S.K.: 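Quick one: the structure is below, and I'll ask about it shortly.
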Amino acid sequence: MLQVQILRPATTLRPLTTAHLAQTMSLLELTAVELNQKIETELSQNPALELREERRCPTCHRPLIGSQPCPRCSTPKSLSMEEPIIFVSPRQDFYVSRRSSAEEFSGENLTPAKEELPTFVLRQIAPDLDPDDRRLAAHLLTNLDEDGLLDTTPLEVARYHHVSLGKVEKILNIIQRADPVGVGSSSPREALLVQLELLAENFPVPPLADEAIKSGLELLSRHQYTELGRLLGISSRKVREIARFISDNLNPYPGRAYWGDIRQGTAESPRVYNNPDVIISLLQGNANAPLVVEIVSPFLGLLQVNPLFRQALGQAPADKVEQWKSDLERADLLVKCIQQRANTMVRLMRRITKLQREFILHGDCYLRPYTRAKLAEELDVHESTISRAVSSKAAQLPNGHIIPLSKFFDRSLHIRSVIKEIIDNEKKPLSDNEIVSLLNEQGFHVARRTVAKYRSMEGILPSHLRQVKESPKPA
DNA sequence: CTATGGCACGGATT
DNA sequence: AATCCGTGCCATAG
């Protein structure tokens, strides 16, 4: 197997000391980006550490480990659909803005009070703005509500800063096109339109989708497809396509799906959201091929203890010998622990991707219920090991979506998607109680109250506010 | 009277 | 030990 060649045999990786154990655990909690930062500071402080010369794959430009061929581009020998191709990539090219957000606007006392979203957005757009404009942007961003929508009006902001409305709107436009797209819109409708516009630059979008949002959002949210079709002058089938496209690709509340609140960052280490720790793709884009799982582990295989430093230890000046010794120990430990971390991630992801292949390929409905405890038992590690590895990490799926790893352990997702399906296919609005009995028939045992909760989680209106669907079309 | 949402409790999960 | 989640009870709206 690939990772056996890449990593040292597991036996040499067993934690030998409590220090080893402690550091392994703390490294496991870090995301790839954080690990990258940690290693960089360590590199600059510890003379015993050095970087091996980097070799990159000529085809995909990934950094390679040792003399191994690129695990992604060289076709593996055995192609079993079941068995995912897993490899560790030492890449360290993240989309991180190094600019400290605190420095950016501390002078103005405009530090965003709300946790992450405002700073995150500001950091993206700051390079494009003049200092003056940054103050406006900061002001706008501090007035976001928890859904990522604007809580004030551009006009108000313009008055407050004595600038033209046009100027504020121009900046707002820049904000809206930052990640998460649509943030800073004044309504869900506007957010959707911005997202659609941006999407249209790279993807084909259904015709009239923008019209549907502009004039038919209310109808859309109540699933009144026939009505909407009449309004737009197209068949309800087309409307369904549009509705499907919108719910798959757009998000009326930019701040909500934004799972930033899951990973609370601190002032010293602002979290970065758009860098996945695991990238799952399809071999040659073929849905019947094995999954390719790339685990991002910065500097893995490139970081080593400087052998010259080790030799020089014998001739260390007497006053430095203690210092050097500890540097050497720290370096040794770090290198080992990073390998241990990668090893754990590989085992973890192999199990998850094998088990949840259907979910990865086809979406929420196919998520199998699974708990961290069960996984821990199978891998023969402590539960907390899994918890640490999973929390605050992100995976990118073949469809491009970036999800928190914890989604693989969402107990209710499966039932939620079944409920969504039932409501999507209902002939007349079903009450929560009726949905319960339908679910019971399919073998799901949930209480009426729970259905109600899931329904509202999915943003589906109660039955008396939903509309009668058109009868199914004969083909 | 029925359907739904708020509050809160207990058990499972982390 | 802390947190999350499903559920029951009750008030309220339709």
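Chain letters run A, B, ... following the sequence lines, proteins first and then strands; every chain starts at 1. Here the structure is a predicted model, which means the values were calculated and not measured. Scope of the values below: all heavy atoms of this structure, side chains included, with no hydrogens, waters or symmetry mates.
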S.K.: Sequence neighbours left out, what pairs pass ring pair (Phe, Tyr, Trp, His ring centres under 6.0 Å) with at least one residue falling in residues 403-426 of chain A?
M.R.: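 As it turns out, the ring pair (Phe, Tyr, Trp, His ring centres under 6.0 Å) pairs with a partner in residues 403-426 of chain A, which skip direct neighbours, are A/Phe359-A/Phe408, A/His414-A/Phe444.
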S.K.: Please write out each protein N/O paired with an N/O of nucleotides 11-14 of chain C under 3.5 Å, distance rounded to 0.1 Å.
M.R.:
none

S.K.: For C/dC5, does either OP1 or OP2 sit under 4.0 Å from a side-chain N or O belonging to A/Tyr454?
M.R.: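 So the side-chain polar atoms of A/Tyr454 never come under 4.0 Å of the phosphate oxygens OP1 or OP2 of C/dC5.
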S.K.: In whole angstrom, what separates A/Met457's CE from C/dG6's P?
M.R.: 7 Å
S.K.: Measure from CG on A/Asp432 to C1' on C/dC9 and round the result to the nearest Å.
M.R.: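 Atom CG in A/Asp432 sits about 16 Å away from atom C1' in C/dC9.
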S.K.: I'd like to check the ring-ring contact (aromatic ring centres under 6.0 Å, His included) partners of A/His382; sequence neighbours left out, ordered by chain and number.
M.R.: none
S.K.: How many whole angstroms separate atom CG of A/Leu461 from atom C1' of B/dA3?
M.R.: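 Result: 14 Å.
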S.K.: Quick one: A/Asp410 CG to C/dT3 P, roughly how many Å, whole number?
M.R.: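 These atoms are roughly 19 Å apart.
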S.K.: Could you check A/Thr24 against A/Gln340 for side-chain hydrogen bond (donor to acceptor under 3.5 Å, both in side chains), going step by step and ending with a plain yes or no?
M.R.: CA-CA 7 Å; A/Thr24 305; A/Gln340 175 93 39; 4.9 Å; no
S.K.: Among all residues two or more places apart in sequence or in another chain, which pass the side chain to side chain contact (heavy atoms under 4.5 Å, CB included) test with A/Leu43?
M.R.: A/Ile39, A/Leu49, A/Leu51, A/Leu303
S.K.: Once salt bridge (Lys or Arg N to Asp or Glu O under 4.0 Å) is applied, do any residues pair with A/Glu211, and if so which ones, sequence neighbours excluded?
M.R.: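 By the salt bridge (Lys or Arg N to Asp or Glu O under 4.0 Å) rule, A/Glu211 matches no residue at all.
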S.K.: Report, one pair per line, the protein and nucleotides 12-14 of chain B atoms (nitrogen or oxygen only) whose separation is under 3.5 Å.
M.R.:
unit_1	atom_1	unit_2	atom_2	d
B/dT14	OP1	A/Arg372	NE	3.2
B/dT14	O3'	A/Ser387	OG	3.2

S.K.: Sorted by first residue and then second, give each salt bridge (Lys or Arg N to Asp or Glu O under 4.0 Å) pair with at least one member in residues 366-387 of chain A; sequence neighbours left out.
M.R.: A/Arg351-A/Glu378
S.K.: If you define the side chain from C-beta out and look only at heavy atoms, does anything of A/Gln195 sit under 4.5 Å from A/Leu192?
M.R.: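 Yes, close enough: below the 4.5 Å cut-off.
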S.K.: Are the side chains of A/Ile295 and A/Asp277 in touch, meaning some heavy atoms are under 4.5 Å apart?
M.R.: no
S.K.: Is it the case that atom OH in A/Tyr366 sees more than 12 heavy atoms from other parts of the structure closer than 6.0 Å?
M.R.: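 At most 12 heavy atoms, drawn from other residues, nucleotides or ligands, come within 6.0 Å of this atom.
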S.K.: For the helix from B/dC1-C/dG14 to B/dT14-C/dA1, what is the angle between the axes at its two ends, each from 5 pairs, rounded to 10°?
M.R.: 10°
S.K.: For A/Leu413 and C/dC4, give me the distance from atom CG to atom C1', rounded to whole Å.
M.R.: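 Going from CG in A/Leu413 over to C1' in C/dC4 covers 16 Å.
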S.K.: Could you tell me if the side chain of A/Leu291 sits less than 4.5 Å from the side chain of A/Ile85, heavy atoms only?
M.R.: no
S.K.: What parts of residues 435-451 of chain A reach DNA chain B, counting only heavy atoms under 4.0 Å away?
M.R.: A/Arg448, A/Arg449
S.K.: Within the 4.0 Å heavy-atom criterion, would you say A/Ser412 contacts the bases, only the backbone, or no part of the nucleic acid?
M.R.: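 Sugar-phosphate, no base atom in range.
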S.K.: Go through the structure and list residues passing salt bridge (Lys or Arg N to Asp or Glu O under 4.0 Å) with A/Lys420, not counting sequence neighbours.
M.R.: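 Only A/Glu458 meet the salt bridge (Lys or Arg N to Asp or Glu O under 4.0 Å) criterion with A/Lys420.
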S.K.: I'd like to check the salt bridge (Lys or Arg N to Asp or Glu O under 4.0 Å) partners of A/Arg455; sequence neighbours left out, ordered by chain and number.
M.R.: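 Checked A/Arg455 against salt bridge (Lys or Arg N to Asp or Glu O under 4.0 Å); matches are A/Asp432.
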S.K.: Check every atom of B/dA3, B/dG5, C/dT7 against the side chain of A/Arg455 and return the nucleotide holding the closest atom.
M.R.: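 Ranking B/dA3, B/dG5, C/dT7 by closest atom to the A/Arg455 side chain puts B/dG5 first.
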S.K.: Is any side-chain heavy atom of A/His445 closer than 4.5 Å to one of A/Asn440?
M.R.: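 With C-beta onward as the side chain, the pair touches.
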S.K.: Just jot down the salt bridge (Lys or Arg N to Asp or Glu O under 4.0 Å) partners of A/Glu227, sequence neighbours excluded, or say none.
M.R.: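 Listed in chain order: A/Arg230.
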S.K.: Please state how far atom CD1 in A/Ile460 lies from atom P in B/dG5, giving the value in whole angstrom units.
M.R.: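 After rounding, the reported distance stands at 12 Å.
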